[in-house]
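Single-structure report; data block below.
Each chain gets a letter, A, B and so on, in the order its sequence line appears, and its residues count up from 1. Since this is a predicted model, take the numbers as computed values, not measurements.
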Amino acid sequence: MARQYTLHRTAPAGPRIDFAAELNPQQLAAVTAPPGPALVIAGAGSGKTRTLTYRVAYLLENGIRPEHVLLLTFTNKAAREMLDRVAAICPHDLAGLWGGTFHSIGNRILRRHPNEAGFAPGFSIMDREDAEDMLDGVVATLGFDPKEKRFPKGQVVADVLSYQLNTGRSLEDVLLEKYPHFFEFAAELEQARVKYEAKKKKANALDFDDLLEKTVRLLKSNAALAEHYQRQFQFVLVDEYQDTNHLQNDFIEILAARHHNVMVVGDDAQSIYSWRGADFRNILEFPKRHPGAVVYKIETNYRSVPQVLAVANAAISANKQQFQKVLQAAREEGAVKPAMVPLPDSQQQAQFVAQRMLELHEEGIALDDMAVLYRAHFHSMELQMELTRRGIPFELTSGLRFFEQAHIKDVGAFLKWVVNPRDEVAFKRMARLLPGIGARSADALWASVSDALSAADAPLLKKETPTTVIAPVVVAEAEQPVSPIAPAETPTQELPETIANPWEGLPAIKELLLPLKVPAKAKAAWEQLVFTLDELAPGGHLAPPQEMIHSVLEAVYDDYARVNFPNYDQRREDLNTLANFARQYESTQAFLDQLALLTSLDATARNNEETERVTLTSVHQAKGLEWKVVFVIWLADGKFPSSRSLESSEAIEEERRLFYVAVTRAMDELYLTYPCMSFNSAYGDPLQRPSRFLAEVPKTLIEEWEVGGVF
DNA sequence: TACGTGGCGCTTTTT
DNA sequence: GCGCCACGTA
């Protein structure tokens with residue numbers, strides 16, 4: 001008799017998640033919500049991330065394929081964290097799931113359809129600085145006599161245009177509100193916008209806003225593509241919905257237009273990005289825009305002790321515009337009340353924080369569990385010095401980000417140009433590094449290069465550029481629903497990214513660049529540069545990114561850095577880190593995308609050392625994080641709230657939400673400090689008044705400390 | 001092109 | 001009190 005043998009499925013079903021046991025009833029309701037629009041109002045520390053994570057897991061457990069789920073977040077970190085957590089609780093392969101920031105998802109879509117979006121494959125992404133550079137160039141062509149009129153610089157122009165786009169308002173409106181003194185230039189700014197668009201197109205470059213706007217525009221104008229993505233994304237989930245702006249909301253709405261299975265999660269009380277165009281009316285009016293939307297409220301706070309929560313609730317209650325909700329503490333009473341600590345000046349404020357941290361560390365609290373929060377990066381300066389003096393290790397998250405530093409961007413420019421030879425900003429940046437070549441020579445060189453490229457392009461443009469062919473849409477819906485919550489739907493076909501060789505049809509690098517006239521002084525360096533570039537793309541074939549970085553460093557940039565940077569060692573180390581980071585990318589294109597869209601190297605890539613350290617962070621960047629002990633410093637009127645917010649009540653309300661975010665980061669202990677005098681700014685009154693937000697908290701909820709002693 | 005000087009304006013938050 | 005910018009000079 002034949003031996004019986006059974007083959008098992010390779011992927012075991014795994015333990016099914018017991019949702020009811022893992023979640024509280026409010027969370028469970030949201031996680032197991034039926035299809036349809038849903039608004040989840042999740043208070044601070046109530047398990048918002050947990051809810052979203054389990055929601056994704058729930059969808060997968062119910063047979064939704066990962067590629068039919070779109071998860072939108074504001075930061076890469078949040079996206080990765082959530083996907084990691086989903087992976088940890090359920091056994092599905094998440095590779096196909098679309099999770100990421102609005103910008104990265106926009107980028108992903110545009111990379112698949114560059115031609116349809118009006119760009120060529122291999123387009124560059126410009127960060128804010130690149131955009132400002134380009135706009136400076138645009139402003140220069142507007143023909144203003146700088147002596148006659150003061151026309152806004154690229155920085156301001158970028159700000160106006162971006163704000164306008166993100167809020168969907170008129171240029172006049174935006175000018176009146178933000179820059180009334182530039183109102184007279186409305187016509188010229190409009191002209192600048194048109195020229196900027198043309199220039200970006202010519203450079204085959206997109207700025208941050210384009211990643212959203214061009215995607216929305218593509219989907220609005222191309223019904224077949226829109227339908228493809230709308231079919232694909234059966235479930236759209238949005239994190240931090242209170243911070244979406246008009247454009248991002250359009251982005252969500254158009255992708256969710258078919259299934260209306262859009263679950264947005266947020267907390268209106270934590271909306272802190274209006275200066276970037278965020279409009280928390282998006283969240284307030286979600287139910288109106290989506291008839292039949294179900295609202296889920298999650299109000300149990302697991303993070304903070306009741307004493308901290310009481311301060312938070314009291315602080316936010318002064319705001320008029322909000323969904324009424326009161327956070328309920330799940331935790332037991334803590335040991336201490338939040339402290340309010342006035343100090344004579346900012347030096348002593350720093351000393352107090354440092355000393356208190358050491359004491360707490362003695363008591364057994366890890367440095368990792370402590371953080372100092374402030375309104376603005378420069379508020380951390382004295383503290384940085386004090387911590388350094390005392391040898392307390394710290395990690396700083398505010399300030400200049402890793403990828404925005406000059407040396408990183410310099411090296412990146414080489415790669416960018418080789419990948420996209422039309423990239424004007426990258427080319428000029430690279431050229432200006434050479435001794436003897438400044439802005440003028442760089443302009444002249446670019447003019448020649450640009451002409452040569454256009455000449456080569458001309459025949460190319462006539463050729464029909466290939467556009468992505470998508471399968472004809474199947475109109476008939478599938479007969480059987482996949483699961484109780486899955487809508488009947490035909491599977492969609494994944495569209496590939498459009499990849500092209502940027503040098504196809506163009507003259508070889510040497511041929512293109514060597515004949516150009518450069519100042520005599522720069523001749524040798526120029527030749528060196530050309531040979532290096534040729535090495536990055538030998539025969540027009542792109543080398544892997546980390547090889548490119550090494551070539552650039554060895555041939556050109558290491559020498560440059562030695563001569564030009566007093567802190568050469570530090571910068572060289574950064575560049576090695578960059579090269580190391582590049583190793584995980586095969587394609588330079590993908591690497592450069594990350595370079596543009598990532599704000600910082602995460603702990604994984606950079607801080608390999610396991611050293612314990614305290615965290616110094618702006619309140620904005622602390623959103624979503626928590627620590628056992630939190631110090632909020634510079635709680636003085638004019639600092640926090642910032643003096644710029646004092647004119648309008650709406651701005652004050654946003655500052656108050658910011659204060660609320662700060663307070664709700666604390667799990668066990670909270671210290672609210674302010675200096676009574678400030679000497680480092682001769683600007684304004686050195687006398688500091690305590691923040692109005694402190695006055696709004698009933699005295700009974702906090703303990704006032706009187707700090708004495710010899711400083 | 002690179003560097004020095006004097007005047008001015010005024011501080012945020014960032015995908 | 002400082003950094004940035006515009007301008008003038010080698």
| query | Centroid-to-centroid, A:Phe74 to A:Phe102, below 6.0 Å? | reply |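 Aromatic pair counts; centres sit under 6.0 Å.
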| query | So, do A:Trp634 and A:Tyr674 have ring centers that fall under 6.0 Å from each other? | reply |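 For A:Trp634 and A:Tyr674, the ring centres are not under 6.0 Å apart.
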[N] OP1/OP2 closer than 4.0 Å to side-chain N/O of [X]:
{"X": "A:Gln621", "N": "B:dT13", "value": "no"}
{"X": "A:Ser642", "N": "B:dT13", "value": "no"}
{"X": "A:Lys153", "N": "C:dA6", "value": "yes"}

Between [atom2] of [N] and [atom1] of [X], the distance in whole Å:
{"X": "A:Arg276", "N": "B:dT13", "atom1": "CZ", "atom2": "P", "answer": "13 Å"}
{"X": "A:Tyr163", "N": "B:dT14", "atom1": "OH", "atom2": "P", "answer": "17 Å"}
{"X": "A:Leu212", "N": "B:dT14", "atom1": "CG", "atom2": "C1'", "answer": "13 Å"}
{"X": "A:Glu654", "N": "B:dT14", "atom1": "CD", "atom2": "C1'", "answer": "13 Å"}
{"X": "A:Leu110", "N": "B:dT15", "atom1": "CG", "atom2": "P", "answer": "20 Å"}
{"X": "A:Leu211", "N": "B:dT14", "atom1": "CG", "atom2": "C1'", "answer": "15 Å"}
{"X": "A:His246", "N": "B:dT15", "atom1": "NE2", "atom2": "C1'", "answer": "18 Å"}
{"X": "A:Glu132", "N": "B:dT15", "atom1": "CD", "atom2": "C1'", "answer": "14 Å"}

Between the protein and nucleotides 1-3 of chain B, list every N/O to N/O distance that falls short of 3.5 Å.
| residue | atom | partner | partner atom | Å |
| --- | --- | --- | --- | --- |
| B:dT1 | OP1 | A:Arg440 | N | 3.4 |
| B:dT1 | OP2 | A:Gly438 | N | 2.7 |
| B:dT1 | OP2 | A:Ser441 | N | 3.1 |
| B:dT1 | OP2 | A:Ser441 | OG | 2.4 |

Give each protein N/O atom lying under 3.5 Å from an N/O atom of nucleotides 8-10 of chain C, with the pair distance.
none

| Between A:Ser104 and A:Thr101, a side-chain donor and acceptor under 3.5 Å |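 Judged by distance alone, the side chains do pair up.
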| message | Is a donor from one side chain sitting under 3.5 angstrom from an acceptor on the other, for A:Ser380 and A:Gln384? | response |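 The criterion, which ignores hydrogens and geometry beyond distance, is satisfied for A:Gln384 and A:Ser380.
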| With a 4.5 Å limit on heavy-atom distance, are the side chains of A:Arg111 and A:Gln589 in contact? |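 Touching, per the 4.5 Å side-chain cut-off.
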| said: Does any part of the side chain of A:Lys623, heavy atoms only, come nearer than 4.5 Å to the side chain of A:Glu240, both counted from C-beta? | reply: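 A side-chain contact exists here, since the closest heavy-atom pair is under 4.5 Å.
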| task | Look at A:Lys409 together with A:Asp127 and state whether they make a salt bridge at an N to O cut-off of under 4.0 Å. | result |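 Salt bridge flag = yes for A:Asp127 with A:Lys409.
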| task | Check every atom of B:dT13, B:dT11, B:dT15 against the side chain of A:Phe378 and return the nucleotide holding the closest atom. | result |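 The nucleotide sitting nearest to the side chain is B:dT11.
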| query | Does the ring-ring contact (aromatic ring centres under 6.0 Å, His included) test come out yes or no for A:Tyr660 and A:Phe693, once each step is laid out? | reply | CA-CA 9 Å; A:Tyr660 177 75; A:Phe693 300 149; over 10 Å; no
| query | Hey, what's the ring geometry for A:Phe581 with A:Phe591, parallel, tilted or perpendicular (30° and 60° as the breaks)? | reply |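 Ring orientation, 0 to 90° scale: tilted.
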| field | Sugar-phosphate, base or nothing in reach of A:Phe74, heavy atoms under 4.0 Å | value |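 Result for A:Phe74 = sugar-phosphate.
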